[in-house]
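Okay, structure first, notes after.
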Amino acid sequence: MKDLWFDPSQCLIDGQWIAPSGGQTLPLFDPSTGEEIGAIARGQAADIDAAVGAATKAWQGAWGRTPAAERGRILMALGRLVAEKVDVLARIEAADVGKPLKQARADAVALARYLEFYGGAADKLHGETIPYLDGYTVYTLREPHGVTGHIVPWNYPMQIIGRSVGAALAAGNACVLKPAEDACLTALAFADLARQVGLPDGALNVVPGLGAEAGAALTAHPGVHHLSFTGSVATGRMVQRAASENVVPVTLELGGKSPQIVFDDADLEAALPFLVNAGIQNCGQTCSASSRILVQRKVYEQVREAMASRYAGLRVGKAVDDLDVGPVISAKQKGLVEGFLDKGQGLEIAGQATLNDLPSDGYYVAPTLYAGVAQDHALAQDEIFGPVQVMIPFEDEAEAVAIANGTDYGLVAGVWTRDGARQMRMARSIRAGQVFLNNYGAGGGVELPFGGIGKSGHGREKGFEALYGFTTLKTVAAYHG
Ligand code: TXE
């Protein structure tokens, strides 16, 4: 690929580009065309071991001794370099993930913003003094865990690296990053940019490879002190099991089935763009995608018609054509989504985009809106991770809450109503890590703690809260009489 200035068939370990120990590669496909466009490293346990070794050395050495303010400066310099490279990073991501250029660009801008935020926060993370018995001075120290392992999926590589690696480095950890085999190019690009701004060798190591090989080796490595994982529930379970063997903390972000709830007093004009966009952005492959639209009966038909007409107008195309929706990431993901569409047979399709003149081997799925879906139907319960939304009618507030809370997940929810008291009641009643009132997503919100409950996972990323997660608290009690 012409935009790459590095060789993606190598790993970046201890500040050096090196071939994976087994000398093997994995093919790289462009989701927009299905064409093979290169090869990436197939890292193995030995490469993970070398990366953990390098990270240990950095944490105990140059990076560990770097003052917090200087760590912050390096991260902010990295953020500025990322901001300068937004266009090239967006092109790389668009080719690798298949997301329309505008959306890939937004991810690169968000990565720069994460680095600015966490760079600025690095020297503002401190402990406390605690009043105690006569003759004692007690204080707490917030210290890095040490070596942190980061397993990142393919849907938003840059944003997830920003919120997880950005926060971990700010807190003084040294990182080993295992990006997804389906999309690892911007992870490698990011690590190379970090090297260019003077991040000490070993503070950030990247080993691409398969989940069952490099990923499993990272989760099982006894030299890793904290794991953060974003991905499926099934893999999350394995990661947590592996973490339990070494008794290390783990942050899991496992997706959701997030609702937007539209009451009959809502500002529908304001709500409509959010209702559809939050379902089809990144082709629906978003952990916080709003895949369920709950609508009060009085306005149900009106919302159904308006959403249907938006669906009819959606333009699907290659990432470089920069339309509303691109392909899904892989042939495997296309098969998964089509499996759900098969389960939808017999349901009412309220709206659907048309697929015109697309490369026949690209991984395209027609964005589809189902109406009148029963709460217990698989399409209303399971994470689809494709451009598919279901509409569910409800009578009153109590029923809306019951439906909203009626899945195994609890990541995000949106509530549309002009009634202020109802807004407050809904915000308290909904089981989710984030609730948005009269908006959805709050523009991305680097500053806003994010994470789930139930099968959406545990632990919080983003905002200051993430920094606490990437530190361990030490209490020092001094008796001086
Ligand atoms: O996920 P995996 P997949 C959901 C979404 C999607 C489904 C499958 O519903 O349809 O998961 O996607 C690494 N030890 N989400 O198969 O397997 C893997 O290499 C350690 C939601 O891609 O969870 C990749 O880096 N690591 C989600 C990462 O885990 C392992 C984002 C995610 O892959 C591993 C992505 C192992 N044994 C998918 N096996 C979200 N929450 O946003 C795999 N991996």
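First listed ligand is number 1; within each ligand, the first listed atom is number 1.
- Counting only heavy atoms of the protein, atom 20 (C) of ligand 1 lies nearest to G215 C, 3.2 Å.
- The protein heavy-atom contact nearest to atom 16 (O) of ligand 1 is K332 NZ, 2.7 Å.
- With 3.5 Å as the limit, one finds no donor-acceptor pair spanning the side chains of Q103 and D107.
- Residue V152 approaches ligand 1 through these ligand atoms, each under 4.0 Å from one of its heavy atoms: 24 (C), 25 (O).
- Counting only N and O atoms by type, the side chains of D7 and W17 include no donor and acceptor under 3.5 Å apart.
- The closest side-chain donor-acceptor pair between T286 and Y156 falls under 3.5 angstrom.
- Counting atoms of ligand 1 from 1 in the listed order, those under 4.0 Å from a heavy atom of L254 are 41 (N).
- Using a 4.0 angstrom heavy-atom cutoff, Y156 does not count as in contact with ligand 1.
- W63 and D201 are not linked by any side-chain donor-acceptor pair at a separation below 3.5 angstrom, with hydrogens and angles left out of the test.
- Considering each of F385, W154, F340, the one bringing a non-hydrogen atom nearest atom 12 (O) of ligand 1 is W154.
- For ligand 1, the polar-atom distance check finds no N/O of D182 at less than 3.5 Å from any of the ligand's N/O atoms.
- If you number the atoms of ligand 1 from 1 as listed, the ones under 4.0 Å from a heavy atom of P153 come out as 31 (C), 35 (C).
- In L336, the part holding a heavy atom less than 4.0 Å from any atom of ligand 1 is the side chain.
- The shortest N or O to N or O distance between K178 and ligand 1 is below 3.5 Å.
- Distances from atom 33 (O) of ligand 1 to the protein include no heavy-atom value under 4.0 Å.
- For ligand 1 and G255, the ligand atoms under 4.0 Å from any heavy atom of the residue are 41 (N).
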Exercise. Is there a side-chain contact (heavy atoms from CB on, under 4.5 Å) between S291 and F385 once you walk through the steps?
Worked result: CA-CA 9 Å; S291 49; F385 234 57; over 6 Å; no
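- Summarising the local packing, CZ of R431 is surrounded by 12 or fewer heavy atoms from other residues, nucleotides or ligands at distances under 6.0 Å.
- Polar contact with ligand 1: absent for T230 (N/O pair, distance under 3.5 Å).
- Taking the six-membered ring for Trp and thresholds of 30 and 60 degrees, F470 and H226 have ring planes inclined between 30 and 60 degrees apart.
- Nearest protein heavy-atom contact of atom 29 (O) of ligand 1 is F229 CE1, 3.3 Å.
- Looking at S232 next to ligand 1, an N or O pair under 3.5 Å apart turns up.
- Contact analysis leaves Q285 out of contact with ligand 1, as no non-hydrogen atom separation drops below 4.0 angstrom.
- Every atom of ligand 1 is numbered from 1 in the order shown, and the set under 4.0 Å from a heavy atom of C287 is 40 (C), 41 (N), 42 (O).
- Counting protein heavy atoms only, atom 36 (C) of ligand 1 is closest to G211 O, 3.3 Å.
- The shortest non-hydrogen separation linking A58 to A203 is CB-N, 3.6 Å.
- In summary, the side chains of Q260 and S290 do present a donor paired with an acceptor at a separation below 3.5 Å, with no hydrogens or angles considered.
- Ring pair Y440/W416: centre-to-centre distance not below 6.0 Å.
- Ranking protein heavy atoms by distance to atom 10 (O) of ligand 1, first place goes to Q333 NE2, 3.0 Å.
- Residue contact check: I151 has heavy atoms under 4.0 Å from atoms 13 (C), 20 (C), 25 (O), 26 (N), 28 (C), 29 (O) of ligand 1.
- Of all protein heavy atoms, the one lying nearest to atom 18 (C) of ligand 1 is E181 OE1, 3.5 Å.
- Comparing T235, L252, L227 by heavy-atom distance to atom 30 (C) of ligand 1, the nearest is T235.
- Residue contact check: E383 has heavy atoms under 4.0 Å from atoms 4 (C), 5 (C), 9 (O), 21 (C) of ligand 1.
- Distance check, rounded to the nearest 0.5 Å: CD1 of I40 to CG of L185 gives 7.5 Å.
- Checking T407 against Q381 by side-chain atom types alone, no donor-acceptor pair falls below 3.5 Å.
- A donor-acceptor contact shorter than 3.5 Å is absent between the side chain of D96 and the backbone of D30.
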Exercise. Does the pair E253 and K462 meet the rule for a salt bridge (Lys or Arg N to Asp or Glu O under 4.0 Å), with working shown?
Worked result: CA-CA 12 Å; E253 201 274 87; K462 304 172 75 164; over 6 Å; no
